[in-house]
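One structure below.
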Amino acid sequence: MNLSKYLRAASIMAVSAAVAIGFSGAPGQAAPKKGGTLNFVVPDEPPSWDGHRETTFALIHPFAPFYSLLIKVNPENPSSPTDFVCDLCTEMPTPSDGGRTYTFKIKQGVKFHDGTPLTAQDVVASYNKIIFPPEGTTSARVAYFVMVDSVSAPDDHTVVFKLKYPSGAFIPALATPYNFIYSKAKLDQDIRWYEKNVMGSGPFKFAGREAGASVRGERNKDYHVSGQPYLDGFEAIFSSKQAVRVQAIRGDRAAIEFRGFPPKSRDDLVDALGKDITVQESDWNCVLLFTPNHKKKPFDDVRVRRALTLAVDRWGGSESLSRIAIVKAVGGVVFPGHPLAATKADLEQIPGFWPDINKSRAEAKRLLQEAGVSDLKFVLSNRAIDQPYTIVGTWLIDQWRQIGVTVEQKMEPTGPFYARLRSQEFDVTMDFNCQSVVNPLLDIGKFLSTDIGNESYGGYTDRDLDKIFEAMNRAPEEAEQRKLMRQFEKRVLDEQAHSFVTLWWNRIIPHRSYVKGWKISPSHYLNQDLANVWLDK
């Protein structure tokens, strides 16, 4: 099977994963109405406002409506990993030069919110910042574009991407929703200008921010898509407490949270609101990891790192935690159910996934004793968000207690938590791999060496692992990709014990039934510009 056929198979898988439970009917089937303000709740604030730098929903949910992308997932079919549509381009290109050259024509007449024209030069400046970040800046998605050789603009309405080699991972990478198109003039003025400022060409203009409380947007009357957006505006309301967010929807102070609630909250809202609530559910391309600091003793010892994963009962944890948290599926480094994912039989060969947890924990104790740290104590750095960080972190501490390890959990808000990750000032940290378009060939870039992945926080360099990643991205056949993926997975989770998967997430979105036009996807990053959303009231 060639890559395009494999991606089509992946599309069928992903579409079937998303389901709307229509307590009041399927969303978005009537003619859109104009007007109104959408209030939605967000569990956290972002560390900065720069989409190229950040990796969190806390950035996407309040700020994606201010920006346009070159291409994006089809908002009518956001569960598909292959259905992409133009945003700023005029049509999806056919590659030339044996799949190495992609030429995009850019819409004419598009304006930034300050009235200046948007041209191909702005697109090139934005992608050069994402793919080739200058010194002093951080791009979270460098590994997505390892196949790109150059980006150029031969004129104001043409953008050309030259690839080093053909790759089916390129177009999904372009559609990543963090790839905001910025103003070249602003970037030339200060490459870090967008960390603290907003100025895009998206469906909504920035209307204000109250620190710790909200971000507001108002309709962009000059939006480049005729007739959109439908809303007059939106208000993103920050609240870290899940109970408060659930009550906000129940009391109609907010209509929706786009990240997800656990099963109990869904059931409570359905019981309380009946026909006034609609629930959309999907598998979720998101997983919590725990990552030891390889530069810090005793976590520089692979025996200690392997002991930590051997202590964890993932199969039992799936049964218990799925009742109270937004986690459920047991899997390896690849989104479960994807053609490249490990089967249960594959997983059961990897330490930490053995079916006999008593055997696993006995081996963990032996390894700690052999490493001279049978009385190991450490601090688990974690993000101060209840679902699922606190719950999974607390569960891990109990798992490690059962092999004699004592752990203190240090919870911090998103900003300080990211600062600790990036400075690698931790013993073991809760980590995560949450991606947008389901594309394992890119999604596993998280596990690469620190100097390549940019989101790899363990402090390790593993060139053999990096070579397997590159070989996978060049392999045209699914069988070869799958074989290489198993090698990659074994090296990450077993041989070098770099970083460890806990449980994959399960996305549940109960929302007020008057919210129309929004469709769930397997990612809480996708389909969030709100251009299609309207209120039926």
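Small disclaimer: the values here were computed from a predicted structure and weren't measured.
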Report task. Could you give me the CA-CA distance, side-chain angles and deciding distance for Gln528 and Trp518, then say whether side chain to side chain contact (heavy atoms under 4.5 Å, CB included) is met? Result -> CA-CA 8 Å; Gln528 289 301 143; Trp518 181 83; 3.2 Å; yes
Report task. Apply side chain to side chain contact (heavy atoms under 4.5 Å, CB included) to Ser79 and Lys519, showing your working. Result -> CA-CA 9 Å; Ser79 292; Lys519 294 185 177 180; over 6 Å; no
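Judged as a side-chain hydrogen bond (donor to acceptor under 3.5 Å, both in side chains), and not counting sequence neighbours, Gln108 has no contacts. Thr176 is linked by a side chain to side chain contact (heavy atoms under 4.5 Å, CB included) to Arg141, Tyr144, Tyr178, Asn179, Ser436, counting only residues two or more places apart in sequence or in another chain. For Lys410, there are no salt bridge (Lys or Arg N to Asp or Glu O under 4.0 Å) partners, not counting sequence neighbours.
Phe335 contributes atom CZ, which lies 12.0 Å from atom CG of Asn433 (distance to the nearest 0.5 angstrom). Here the NZ atom belonging to Lys107 is positioned 6.5 Å from the CG atom belonging to Leu88, to the nearest 0.5 angstrom. Taken from CD in Glu195 to OG1 in Thr137, the straight-line distance is 8.5 Å, to the nearest 0.5 Å. Separation of atoms OH (Tyr223) and CZ (Phe204) is listed at 9.0 Å; rounding is to 0.5 Å. One finds the CD1 atom of Ile256 at 9.0 Å from the CD1 atom of Ile277 (value rounded to the nearest 0.5 Å).
Remark: aromatic rings of Trp49 and Phe206 are close, center separation under 6.0 Å. The six-membered or imidazole ring of Tyr182 lies away from that of Trp193, with a centre-to-centre distance of 6.0 Å or more. Between His52 and Tyr194, the ring centre distance reaches or exceeds 6.0 Å.
Within the structure, ring pair (Phe, Tyr, Trp, His ring centres under 6.0 Å) pairs that include any residue of residues 71-113 comprise Tyr102-Phe170, Phe104-Phe161 (at least two apart or interchain). Among residues at least two apart or in separate chains, there is no salt bridge (Lys or Arg N to Asp or Glu O under 4.0 Å) pair with a member in residues 146-175. Residue pairs meeting the salt bridge (Lys or Arg N to Asp or Glu O under 4.0 Å) criterion with at least one member in residues 125-139, sequence neighbours excluded: Asp50-Lys129. For residues 210-227, the salt bridge (Lys or Arg N to Asp or Glu O under 4.0 Å) pairs, not counting sequence neighbours, are Arg219-Asp232. The stretch residues 240-250 participates, sequence neighbours left out, in these salt bridge (Lys or Arg N to Asp or Glu O under 4.0 Å) pairs: Arg245-Glu257, Arg245-Asp386. Within the structure, the disulfide bond (SG atoms under 2.5 Å apart) test picks out the following pairs touching residues 50-153 (sequence neighbours left out): Cys86-Cys89.
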Donor-acceptor list for residues 53-63 side chains, cut-off 3.5 Å, not counting sequence neighbours:
residue: Glu54; atom: OE1; partner: Arg422; partner atom: NH2; Å: 3.3
residue: Glu54; atom: OE2; partner: Ser48; partner atom: N; Å: 3.4
residue: Glu54; atom: OE2; partner: Ser48; partner atom: OG; Å: 2.6
residue: Thr55; atom: OG1; partner: Tyr418; partner atom: OH; Å: 2.7
residue: Thr56; atom: OG1; partner: Ala58; partner atom: N; Å: 3.0
residue: Thr56; atom: OG1; partner: Arg383; partner atom: NH2; Å: 2.9
residue: His61; atom: NE2; partner: His524; partner atom: O; Å: 2.7

Enumerate donor-acceptor pairs with a distance under 3.5 Å from any side-chain N or O in residues 233-240 to protein atoms, sequence neighbours excluded.
residue: Glu235; atom: OE2; partner: Ser214; partner atom: OG; Å: 3.3

N/O donor to acceptor pairs below 3.5 angstrom from side-chain atoms of residues 65-75, sequence neighbours left out:
residue: Tyr67; atom: OH; partner: Met199; partner atom: N; Å: 3.4
residue: Ser68; atom: OG; partner: Ser201; partner atom: O; Å: 3.0
residue: Ser68; atom: OG; partner: Ser201; partner atom: OG; Å: 2.9
residue: Ser68; atom: OG; partner: His224; partner atom: NE2; Å: 3.0
residue: Lys72; atom: NZ; partner: Asp529; partner atom: OD2; Å: 2.9
residue: Asn74; atom: OD1; partner: Glu76; partner atom: N; Å: 2.9
residue: Asn74; atom: ND2; partner: Asp83; partner atom: OD2; Å: 3.2

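Among all heavy-atom pairs drawn from Pro262 and Ile508, the shortest one is C-CD1, 4.2 Å. The nearest pair of heavy atoms linking Pro336 to Trp504 is CD-CD2, 3.4 Å. In plain terms, the two heavy atoms of Thr103 and Thr101 that are nearest each other are OG1-CG2, 4.0 Å.
Side-chain contact between Phe469 and Ile452: absent, with no pair of heavy atoms (C-beta onward) separated by less than 4.5 Å.
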